[in-house]
Number of protein chains: 2
Amino acid sequence: MSKVNITEAELEIMKILWKSDTPLSSYDICDRLEDKTWKYTTVSTLLSRLAEKGAITYEKRGKSYFYTPLLDENAYKIRQAKKLIGKIYDGSLKNMVVALYENKEISEQDIQEIKKLFKL
Amino acid sequence: MSKVNITEAELEIMKILWKSDTPLSSYDICDRLEDKTWKYTTVSTLLSRLAEKGAITYEKRGKSYFYTPLLDENAYKIRQAKKLIGKIYDGSLKNMVVALYENKEISEQDIQEIKKLFKL
DNA sequence: TATTTAAAACTACAAATGTCGTTGGTGCTT
DNA sequence: AAGCACCAACGACATTTGTAGTTTTAAATA
């Protein structure tokens, strides 16, 4: 259930569901996708595909369905991070950090907080 | 020229080209893709698509073409890293590092080397 | 209960992607 | 010069993805 792969568009839906502490209806989701200009049917299609993949589940309440994520947010993100690092940084986070650092892509604040984290 | 997007399969080709210090022919590339079971035509199609996108260039030498990367390896990797961090870690590398750290996904060696890097 | 209507289901379709098969041209060998 | 071998060009096709229109069903209401 945790190895589900989702697309960019589907991820936008997942983000909404992850952010909510209660199940949401398709319309709730549309509302929270303010920036996106997706039609209801588009969101609906994405929800179907996500359910098909096992990334979400739903229950009927009244006339609508209410959706809940099954795919774990943290696990998914970790998997994606590791996938990228494996693909282009030889599996080592350090390689990625070095590359970003040398390109001045890491904020001073991030540096401080990472140092603090590693000091423990 | 640097904002080129390439697919997973195309990336495999780019990796070979990045690794080589001289231009390679399609057959050279096939040879170095030992794990992949791609047919010559597959590699050839990927090379065409990459050239179309401006990610590589080529010159005719004798009967074959020899390919050279145009897309900069480091720039590409940084772009991908930033893209992922922006997409799922709110744009902050720290968030990603924290997540990986808490999931015990960072090797002790990587931790040491990152600390050293940041100490400078 | 018949009617209205909101929401889900079904269908569609173009572009991108992975993966080749086939055709055709050009340089190398006799 | 003719034939052969090698390689590139072209075309193809299934699958995935983004995006949505249309039809059907079931809930709400008159």
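Predicted model, so just to flag it, every value in this text is computed and none were measured. Below, each value reflects all heavy atoms present in this structure, side chains not excepted, and no hydrogens, waters or symmetry copies.
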Query raised in the report: Among A:Gln109, A:Glu108, A:Lys116, which one satisfies side chain to side chain contact (heavy atoms under 4.5 Å, CB included) with A:Gln112?
Result: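 Among A:Gln109, A:Glu108, A:Lys116, the one meeting side chain to side chain contact (heavy atoms under 4.5 Å, CB included) with A:Gln112 is A:Glu108.
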
What is the distance, rounded to the nearest whole Å, between atom [atom1] of [X] and atom [atom2] of [N]?
X	N	atom1	atom2	result
B:Leu50	C:dA16	CG	C1'	14 Å
B:Tyr58	D:dC7	OH	C1'	14 Å
B:Tyr67	D:dC7	OH	P	12 Å
A:Leu46	C:dA9	CG	P	14 Å
B:Tyr27	D:dC6	OH	P	9 Å
A:Leu47	D:dT19	CG	P	15 Å
A:Asn5	D:dT15	CG	P	18 Å
A:Glu52	C:dC10	CD	C1'	12 Å

Query raised in the report: How would you label the contact of B:Thr42 with the nucleic acid (heavy atoms, under 4.0 Å): base, sugar-phosphate, or nothing?
Result: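 Counting heavy atoms under 4.0 Å across all strands, the contact made by B:Thr42 includes a base.
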
Report task. Remember a base hit wins even if backbone is also touched, and classify B:Ser26 as base, sugar-phosphate or nothing at under 4.0 Å, heavy atoms. Result ->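 Contact class for B:Ser26: sugar-phosphate only.
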
Requested in this report: Using the side-chain hydrogen bond (donor to acceptor under 3.5 Å, both in side chains) rule, collect all pairs that involve residues 64-75 of chain B, keeping only residues at least two apart or in two chains.
Outcome: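 Residue pairs passing side-chain hydrogen bond (donor to acceptor under 3.5 Å, both in side chains), neighbours aside: B:Glu73-B:Lys77.
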
Requested in this report: Could you walk me through whether A:Asn95 and B:Asp110 pass the side-chain contact (heavy atoms from CB on, under 4.5 Å) test, one step at a time?
Outcome: CA-CA 9 Å; A:Asn95 290 343; B:Asp110 272 14; over 6 Å; no

Report task. Starting at CD1 of A:Ile13, measure out to CG of A:Leu33 and round the result to the nearest 0.5 Å. Result ->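 It comes to 5.0 Å.
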
Requested in this report: Using a cut-off of strictly less than 4.0 Å between a heavy atom of the residue and any atom of DNA chain D, enumerate the qualifying residues of residues 8-18 of chain A by number.
Outcome: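 Close to the strand are A:Glu8, A:Ala9.
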
With the criterion being N/O to N/O and under 3.5 Å, what pairs connect the protein with nucleotides 21-26 of chain D, and how long is each?
from   : atom 1 : to      : atom 2 : distance (Å)
D:dG21 : N7     : A:Thr41 : OG1    : 3.4

Report summary line: Under the rule of Watson-Crick or G-U wobble with both distances under 3.5 Å, where | means paired to another strand and [ ] a crossing pair, DNA chain D maps to ||||||||||||||||||||||||||||||

**Report entry** For the student: nearest non-hydrogen atoms of B:Ala55 and B:Ile6, plus distance
**Finding:**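 Residues B:Ala55 and B:Ile6, closest heavy atoms: CB-CG2, 4.3 Å.
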
Requested in this report: Using a cut-off of strictly less than 4.0 Å, decide whether B:Trp38 has a side-chain nitrogen or oxygen near OP1 or OP2 of C:dT19.
Outcome: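 Yes, because at least one side-chain N or O of B:Trp38 sits under 4.0 Å from OP1 or OP2 of C:dT19.
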
Query raised in the report: Is B:Thr7 near enough to C:dG18 that one of its side-chain N or O atoms lies under 4.0 angstrom from OP1 or OP2?
Result: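 Answer yes for this pair, as a side-chain N or O of B:Thr7 is under 4.0 Å from OP1 or OP2.
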
Query raised in the report: Which comes earlier along DNA chain D counting from the 5' end, the contact point of A:Arg49 or that of B:Arg49, where each point is its nearest nucleotide?
Result: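 Nearer the 5' end of the strand: B:Arg49.
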
Report task. Sequence neighbours left out, what passes salt bridge (charged side-chain N to carboxylate O under 4.0 Å, His left out) with A:Lys82? Give chain and number order. Result ->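 A:Lys82 satisfies salt bridge (charged side-chain N to carboxylate O under 4.0 Å, His left out) with B:Glu105 once adjacent residues are dropped.
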
Report task. Could you walk me through whether A:Glu10 and A:Lys53 pass side-chain contact (heavy atoms from CB on, under 4.5 Å), step by step? Result -> CA-CA 11 Å; A:Glu10 288 164 357; A:Lys53 292 177 180 184; 2.6 Å; yes

Query raised in the report: Below 4.0 angstrom, N of the basic side chain to O of the carboxylate: do B:Glu59 and B:Arg61 qualify?
Result: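 A salt bridge links B:Glu59 with B:Arg61.
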
Query - Residues B:Arg49, B:Glu52: salt bridge by 4.0 Å N-O rule - result: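 B:Glu52 and B:Arg49: not salt-bridged.
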
Requested in this report: Take A:Ile88 and B:Leu11 through the side-chain contact (heavy atoms from CB on, under 4.5 Å) test and state the conclusion after the steps.
Outcome: CA-CA 9 Å; A:Ile88 68 180; B:Leu11 177 60; 4.1 Å; yes

**Report entry** Main-chain N/O of B:Ser25 paired with B:Asp28 side-chain donor or acceptor, under 3.5 Å
**Finding:**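 The answer is yes, because a donor-acceptor pair under 3.5 Å joins these two groups.
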
Query raised in the report: For residues 95-117 of chain A, which residue pairs qualify under ring pair (Phe, Tyr, Trp, His ring centres under 6.0 Å), counting only residues two or more places apart or in two chains?
Result: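 Applying ring pair (Phe, Tyr, Trp, His ring centres under 6.0 Å) to every pair that reaches into residues 95-117 of chain A, excluding sequence neighbours, yields A:Tyr101-B:Phe118.
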
